[in-house]
There are 2 protein chains.
Amino acid sequence: MESTDLRKAGLKVTHPRMRILAILEGLDGKHVTAEDIYRQLLNSDDDIGLATVYRVLTQFEAAGLVLKHNFEGGQAVYELDRGDHHDHMIDVESGKVIEFTSPEIERLQKEVAAKHGYQIQDHSLVLYVRTLKKK
Amino acid sequence: MESTDLRKAGLKVTHPRMRILAILEGLDGKHVTAEDIYRQLLNSDDDIGLATVYRVLTQFEAAGLVLKHNFEGGQAVYELDRGDHHDHMIDVESGKVIEFTSPEIERLQKEVAAKHGYQIQDHSLVLYVRTLKKK
DNA sequence: TTGCGTGCAAACAGTTTGCATGTAT
DNA sequence: ATACATGCAAACTGTTTGCACGCAA
């Protein structure tokens, strides 16, 4: 049950937080902006302010419930953190976001960092792609 | 000579553009924000507006003279494009930016994209790292 | 001389914050 | 009862734009 997730995160179980969490769970894998969520809430007649959406998303991120990405272009996007790490590929023509994983790339990243005397704390890999056509 | 680069880019050779290009060339590899450049100009008594700095950087980017990166946190950073492609590692403790290249990672990226029916147009790889300490 | 470039201030977008009120525990 | 949450509007940050003037070609 969702309210458990909230309590575990040390957050009071409030209407806005439940609704926002529900919306995030209903996305299965898609990414949304704060405003996307805000609009969805308006549509379902929930009277929740945009500021609250931002505050809740920030708390969820801090609690490890959601991931925030800063792809190109102003708006940040959010997705539920299902624990399965993945990177992103963005179709520059359609804006579609494809998730992928590559253990080999991960391994090489660690290797490169180590070569410079560092350990990786986090990383961001985004491929901007277009559909493959032979000319 | 720098004015040649500007002309080649189809840009009139003006004082602001020359000064900004000179500053970028003087960085050797460091990254700067628009405001960094603006402040440097003020220090050298150049009366160039921040808006102009942004406009010039945008033009330089379009002309392929500079690269713009959106690392975490509001500000975009710029660097001269020396043609040598590289990725970035950011020391989260010091803020230091380290450049690196990994042909293997590049190859794997292409491979992953192809597997999904795409070709890469651009990509962004940033490792957020901390210095390696055994505990 | 003429069209591109510039400075300035105002506009803008996304996000954050202060404050008075509301509510989960 | 009390500390934490919320809605609203105002503030803020980084960046862009409109406009009258200025300058490279």
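None of these values were measured; they are calculated from a predicted model. In what follows, chains carry the letters A, B, and so on, assigned in the order in which the sequence lines appear, proteins first and then strands, with residues in each chain numbered from 1.
- Between the CZ atom of R7(A) and the C1' atom of dA24(C) there is a distance of 10 Å, given to the nearest Å.
- Of the listed nucleotides (dG3(C), dT6(C), dT6(D)), dT6(D) has the atom at the smallest distance from the side chain of V56(A).
- For L11(A), the listed nucleotide lying nearest its side chain is dA5(D); candidates were dG7(D), dA5(D), dT6(C).
- Atom pair D45(B):CG and dG7(C):C1' shows a separation of 17 Å (rounding to whole Å applied).
- Each of Y38(A) and T33(B) has a nearest nucleotide on DNA chain D; the 5'-most of these lies closest to Y38(A).
- N70(B) places its CG atom 14 Å from the P atom of dG14(C), with the value rounded to the nearest Å.
- Put simply, CD on Q75(A) is 10 Å from C1' on dT15(C), counting in whole angstrom units.
- Listed here is the closest heavy atom pair of A34(A) and V53(A): O-CG1, 3.6 Å.
- Between Y54(B) and dT15(D) there is a side-chain N or O to OP1 or OP2 distance below 4.0 Å.
- Taking atom CE on M18(A) and atom P on dT6(D), their separation rounds to 12 Å, with Å as the unit.
- dT16(D) atom C1' lies 11 Å from atom NZ of K68(B), rounded to whole Å.
- Toward the 5' end of DNA chain C, the nearer of the two residues T14(A) and G49(B), judged by each one's closest nucleotide, is G49(B).
- Proximity of V77(B) to N70(B): side-chain heavy atoms (C-beta onward) are nowhere separated by under 4.5 Å.
- A distance of 6.0 Å or more separates the ring centres of H116(B) and Y118(B).
- F71(A) has its side chain out of reach of S124(B): every pair of non-hydrogen atoms, C-beta onward, lies at least 4.5 Å apart.
- Dashed line: the shortest gap from a side-chain N or O of R55(A) to OP1 or OP2 of dG7(D) is not under 4.0 Å.
- Looking at the side chain of K12(B), the nearest of the listed nucleotides dA24(C), dC8(C), dA24(D) is dA24(D).
- Among the protein residues, A34(A) comes within range of no part of the nucleic acid, since none of its heavy atoms lies under 4.0 Å from any strand.
- Rounded to an integer number of Å, the gap from CZ of F60(A) to C1' of dA5(D) is 12 Å.
- One can place CD of E72(B) at 15 Å from P of dG14(D), the figure rounded to the nearest angstrom.
- Each of dT6(C), dC8(D), dT17(D) was ranked by its minimum atom distance to the side chain of A51(A); first place goes to dC8(D).
- Regarding contacts with the backbone of dT6(C), a side-chain N or O of R17(B) is found under 4.0 angstrom from either OP1 or OP2.
- Ring centers of H88(A) and H123(B): at least 6.0 Å apart, outside the cut-off.
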